[in-house]
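Here's the structure we're looking at; comments come further down.
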There are 2 protein chains.
Amino acid sequence: MKNYKITVSYDGTRYKGWQVLKSTDATIQGKLQMVLSALAGHPVEVIGSGRTDAGVHAIGQVANFHLDEHFSAEEIFEDLNRHLPEDIAVTKIKEVDDRFHSRYQAVEKTYRYRIRTSPVPNVFERKFLYQYGQTLDVDKMKKAAQALVGTHDFASFCGNRHMKKSTVRTIFSIDLVERDGEIEILYCGNGFLQNMVRILTGTLIEVGRGERAPESMPALLKAKERKQAGYTAPPQGLRLEKVTYETMDGRC
Amino acid sequence: MKNYKITVSYDGTRYKGWQVLKSTDATIQGKLQMVLSALAGHPVEVIGSGRTDAGVHAIGQVANFHLDEHFSAEEIFEDLNRHLPEDIAVTKIKEVDDRFHSRYQAVEKTYRYRIRTSPVPNVFERKFLYQYGQTLDVDKMKKAAQALVGTHDFASFCGNRHMKKSTVRTIFSIDLVERDGEIEILYCGNGFLQNMVRILTGTLIEVGRGERAPESMPALLKAKERKQAGYTAPPQGLRLEKVTYETMDGRC
């Protein structure tokens, strides 16, 4: 058996997220498993670096799977892109060490959230941004964002009420860029809880419209209560950009 | 009555083009007329700079309409963007001289055609490009394009078999840019015949894959027969970028 690492790009609009739930649901993992299983002639499991919510997109999701060795990486690549629906594409494939595991070995993830503040709608990218339509105070948002960077218990920002595992995560950076009637927020961290990026974004938006003080972030983290944080920003503005791995050759 | 000039952006995917055909069809002109007529309380006609085919997009279509003066330009702008479907947006509005006519006074139009040559599909922009998936000889295409620039009878590139008016047009420039697995072709001219940009593109693609010589363009123009030219490239790769007007203050 060979182990293949793939990079996957998807428009999540019509999917119930990455992970297979019921076999009848449309999920990205499910579509990949169907195409690979048909190619192999037996069930193939695809391991993703992590879940993405329903309606969330990815340009750099990483996954891996094991397959019999009579296929070349190029053959698998072509077969996947030929049979996957037009809103899912494999952009890279690489044969990797048998021990590579896309979830366990991920050390860093980058998500991008796009908020359109201009009252003029963007018709071409409307499915990939949150059409907010009002100005926000970006300086205040930046100040609040800085208070969230670091290693914290993010229980206040966790959408899963029954989370039993640790809710401690490290955010390496949160960068806000304002351009062309939009605010782009880049979140980089060692991992994110369910809905965490969307709740962080909703909270930053509430700061940007003056409903919360940037100085209230430490107390919010300390509260460890979901209801203390802001609303969950809609999924369409979010995209998983990159997953980084620590290998013997350095980060990749 | 006041005369308003608007700039319109649309994702043409689900429309039968710009121009109203039967009143039941989904057209961009039809949608604009419906919203403006509801606002005015009487039928309002919207004059476009020209038609775009079914499935073709625009980021800089220009139109004008006359309306009673008790509305401000800002009120009309907001009403339009509130009531138009999410794939049509008005990006600019300006009150103009009563004699301004968006079709008669247009002096230059720019269209962009995007061909994706990379075998890796672009899932996010798939509705706005032609997923060709194979490499093309861009140097040959550029050479052929240069032979098409100028004032010519473009009857060979006209999709309307029953065209009774002049098929002479002037192409000011055709620029090909290769980047990120795509070829972008920018066509600038004083006007374009029905399907003309798509037939020019199909012909250039045939040159790019070696089926036609760049040197065959003059003979093709001279033939004045649609069947001598290449295929009609699909509509989704095409977008109307800009319409320019000659005014007393110069071009705009």
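Naming convention: chains lettered A, B, ... in sequence-line order (proteins, then strands); numbering from 1 in each chain. Just so it is clear, the structure is predicted and the values come from calculations on it, not from any experiment.
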Who in residues 178-195 of chain B is close to chain A, using a strict under-4.5 Å heavy-atom cut-off? none

Residues 80-87 of chain B side chain polar contacts: donor-acceptor under 3.5 Å, at least two apart:
{"unit_1": "B:Asn81", "atom_1": "OD1", "unit_2": "B:Val90", "atom_2": "N", "d": "2.9"}
{"unit_1": "B:Asn81", "atom_1": "ND2", "unit_2": "B:Val90", "atom_2": "O", "d": "3.0"}
{"unit_1": "B:His83", "atom_1": "NE2", "unit_2": "B:Asp79", "atom_2": "OD1", "d": "3.4"}
{"unit_1": "B:Glu86", "atom_1": "OE2", "unit_2": "A:Arg126", "atom_2": "NE", "d": "3.3"}
{"unit_1": "B:Asp87", "atom_1": "OD1", "unit_2": "B:Tyr15", "atom_2": "OH", "d": "2.6"}
{"unit_1": "B:Asp87", "atom_1": "OD2", "unit_2": "B:Arg14", "atom_2": "NE", "d": "2.5"}

When the 4.5 angstrom heavy-atom criterion is applied to B:Lys127 and chain A, the contacting part is side chain

How would you list all residue pairs meeting salt bridge (Lys or Arg N to Asp or Glu O under 4.0 Å) that involve residues 48-60 of chain B, not counting sequence neighbours? B:Asp53-B:Arg198

For A:Ala40, check side chain to side chain contact (heavy atoms under 4.5 Å, CB included) against everything at least two apart and list the hits. A:His42, A:Val44, A:Leu67

Can you measure from CZ (B:Arg239) to CD1 (B:Ile59) and round to the nearest 0.5 angstrom? 4.0 Å

Side-chain donor or acceptor of B:Ser9 paired with backbone N/O of B:Ala89 under 3.5 Å: no

Assess the pair B:His57 and B:Tyr10: is the distance between their ring centroids shorter than 6.0 Å? no

